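Quick note on labels: first sequence line is chain A, next is B, and so on, each numbered from 1. Quick caveat: nothing in here was measured; it's all calculated off a predicted structure.
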There are 4 protein chains.
Amino acid sequence: MRKIDPERQQAKRRQIMEAAGNCFARRGFHATTTAEICAEAGMSPGNLFHYFDSKSAIVEAIVEEERADTAAYFAALDESSDLLEALLDFLDAVMAFAADKTYARLALEIAAEATRNPAINTQMAAGDAQTRADIARLLRGAMANGQVDAGLEPEQAASWIVALIDGVFSRLAMDPGFDPQREAPMLRLVVSRFLKAGSAR
Amino acid sequence: MRKIDPERQQAKRRQIMEAAGNCFARRGFHATTTAEICAEAGMSPGNLFHYFDSKSAIVEAIVEEERADTAAYFAALDESSDLLEALLDFLDAVMAFAADKTYARLALEIAAEATRNPAINTQMAAGDAQTRADIARLLRGAMANGQVDAGLEPEQAASWIVALIDGVFSRLAMDPGFDPQREAPMLRLVVSRFLKAGSAR
Amino acid sequence: MRKIDPERQQAKRRQIMEAAGNCFARRGFHATTTAEICAEAGMSPGNLFHYFDSKSAIVEAIVEEERADTAAYFAALDESSDLLEALLDFLDAVMAFAADKTYARLALEIAAEATRNPAINTQMAAGDAQTRADIARLLRGAMANGQVDAGLEPEQAASWIVALIDGVFSRLAMDPGFDPQREAPMLRLVVSRFLKAGSAR
Amino acid sequence: MRKIDPERQQAKRRQIMEAAGNCFARRGFHATTTAEICAEAGMSPGNLFHYFDSKSAIVEAIVEEERADTAAYFAALDESSDLLEALLDFLDAVMAFAADKTYARLALEIAAEATRNPAINTQMAAGDAQTRADIARLLRGAMANGQVDAGLEPEQAASWIVALIDGVFSRLAMDPGFDPQREAPMLRLVVSRFLKAGSAR
DNA sequence: GATGAATGAGCCTTCATTCAT
DNA sequence: GATGAATGAAGGCTCATTCAT
């Protein structure tokens, strides 16, 4: 008699998510067939649909994982440390992810899919809002410490920081010469100057 | 005997491009069927394919038009005027377009499509490179005039300005609270601070 | 320039309905694939779905045609003739149809399908109600003429006559020895005795 | 060491048959998945297929049970009693079953399935033939007693009585206003008049 | 130039059944 | 006996594009 093993279940789901992620990054979400995902995951279609209700559900799981990871990143921050530095470190971390071709392409694919899949859009919008809130929190702290221009609205400033991050992934798609490794310091620079306390408008 | 009338031809193509643009903005590129475009354009499929070889060719024409418009915008600039101001005005113009829901959604759809359609990607990359070159030219002039931090690399700085623009459209998709009207001054601010001469790193 | 030709359209639909009817009678509704219908109709799937939105829509069209035919049959009756005889003639007509193997099997298939397809069920129920109403009308006339037991409720009596008709098709499915040709007079007899004026309960 | 316990085995089969019957009545035979039957029976698919070789085998068992029950009904009749009355009582019993929504829908589902499943068709045809034979036997006895028109062929008359019964279930599917409770006396009436000794054709 | 009927390859998903544990 | 994960064939339908008129 075998009981349902949630760990095994989760492992299978992970396996599928990874296989799907590779396929999506390689060929795009729409161009990827479930058959391809099955092949990549070494699994029959019947079995794949045992773990996910639909192709879309796989993306949703990927998005959710990403959201959770980002949330965990911010939750782990030491609130007593240098908050501006913490924000800039986050940007470095983003650039490190962006340097991974597969990750970058997958991020783009998912964003594109969110354009037309309302479920994914809603989910991504939620994660996005959460990230903006986390950044705004850092900004508020940094303002209190005098590290950041107190004349800025934290939420609005966070929006523009996230816009820059989105822009990075767009650059990766449009400009073959855009090298994340080389550009990481520039992202710090752009954000630093934007936030700098004592700036005159 | 009637000769081929290139103007009439061009008018029909425009009619199709507009119909397709509306459909793409409304339902997305992939979800839009050629039948829908035909209906919106008041035209039979046989006829539509008389003017465009493929659905993709319609997008390519739209992208090309956009590219030409942007190129014309920069070509029309008075080189002897305030170049930094010219750049910031360009950003305002972008935000004005972004305020148009249909335009914004269409831009997003096309960017998403470029993700997987190599022809469109190549074409957009070319337009993108051109825009960066135009911005870099402005920056170089503004640097010569001492308006912009001469320590920046013009091409690299242009990249980040374009990244911000891309980010704006991403914001429109992800954040329902992002209001182009209200955010236009912020875009000026972010770019101004980034470029400001005399900034210390 | 070709205009939509409604006759040609209707002819195609008929062609498909006949092909589908043959397939359904031969293999059953569920076992029949759209590919089989296409093959039987000499047509590509794309084209078939140009004329019918779904496999189910084909059955609906068949049912509708049947309903219209039956309605036309009753509408064409001479109201001044012998109404009881008209009813019994109708029963003979039904038995003549039942003698056609393909028709009989198709009728059964459709009835079975109505069991689980609500759209078809509704439609068949409507046709059924109409037929019962038509029969009840005949009965009322025949009662006025003293040909039919006036103690019967016309609608209720009509129900039982229709039940017998349904029962005939059931017999054809269950009893290989049930020969419509031979049984036609029996149907007249059962109904005649049931309706006979002057019967004592 | 545990021996195979046939009673336990039989109980499990019954449990499955009942669960399946409920599902079939609720959603139809084809629409019911084995997974649903498993859920209703509180059982894993592996286990279910341990007791029945196939989904079809479950229906076959249900049909067989029904056949046996009907056979038992006739076997239990007192041959010395009023045979016409016995027949009419049987009809009342049928109507009582028909009044049970679940039973009625299940009967219909199974009849529909018999349309396309040869194994079930054969089996139902056998039960049907048996019932007709039982009714014919009653009729022969009733003829001998002068209760039934001796001019009728017993087998043929039985066929038409069974046709009426089938028709009742058809009515239940097609006519929401058909109330078994109310119609039971009518079935008696139709059959009585049909069989009545001394009838003139 | 214009029409709309015709094509056909391809995809997501279902589900009865089997099998390893 | 019991579990539930795994299988894989099959099917309805879509839609960009072509072609006869």
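Considering only side-chain N and O atoms, Gln9(D) lies under 4.0 angstrom from the phosphate OP1 or OP2 of dG1(F).
Proximity note for Ser44(A) (side chain, C-beta onward) versus dA5(E), dT14(F), dT7(F): the nearest is dT7(F). With distances taken from any side-chain atom of Lys12(B) to the nucleotides dG12(F), dA5(E), dA2(E), the minimum falls on dA2(E). Closest to the side chain of Pro45(D), from the set dT7(E), dG12(F), dG4(F), is dG4(F). In the set dA5(F), dA16(E), dG4(E), the nucleotide with an atom closest to the side chain of Thr33(D) is dA16(E). Among the nucleotides dT17(E), dA6(F), dA6(E), the one closest to the side chain of Asn47(C) is dA6(E). Distance from the side chain of Arg8(B) is smallest to dA2(E) among dA6(E), dA2(E), dA5(F). For Lys55(B), the listed nucleotide lying nearest its side chain is dA16(F); candidates were dA16(F), dA5(F), dT7(E).
Look at CD on Gln10(A): it is 13 Å from P on dA5(F), rounded to the nearest Å. Counting to the nearest Å, the C1' atom of dA5(F) and the CE atom of Met43(D) are 19 Å from each other. Between the NE2 atom of His30(D) and the P atom of dT14(E) there is a distance of 17 Å, rounded to whole Å. The NE2 atom of His50(C) sits 14 Å away from the P atom of dT14(F) (whole-angstrom rounding).
Closest approach of Ala114(C) and Met174(D) over heavy atoms only: CB-CE, 4.3 Å. Closest of all the heavy-atom pairs between Lys55(A) and His30(A) is NZ-O, 3.7 Å.
In terms of position along DNA chain F, the nucleotide closest to Tyr51(D) lies nearer the 5' end than the nucleotide closest to the other residue of the pair Tyr51(D) and Thr32(C). Position along DNA chain F of the nearest nucleotide to Thr34(B) versus Ala31(C) favours Ala31(C) as the more 5'-ward residue.
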Inset, instruction - Report the secondary structure of DNA chain F in dot-bracket form, marking unpaired bases with a dot and bases paired to a different strand with |, and treating Watson-Crick or G-U pairs with both distances under 3.5 Å as paired. - result: .||||||||||||||||||||
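Counting non-hydrogen atoms of other residues, nucleotides and ligands closer than 6.0 Å to CG of Asp53(C) gives a total of 12 or fewer.
Between Tyr103(C) and Phe169(C), the ring-plane angle classifies as tilted under the 30° and 60° cut-offs.
Remark: Glu40(B) engages Arg26(B) in a salt bridge, criterion side-chain N to carboxylate O under 4.0 Å.
Annotation: side chain of Ile37(C) is in contact with side chain of Leu48(C) (closest heavy-atom distance under 4.5 Å).
Here Thr32(C) contributes atom OG1 and Asn22(C) contributes atom CG; the two are 10.0 Å apart, rounded to the nearest 0.5 Å.
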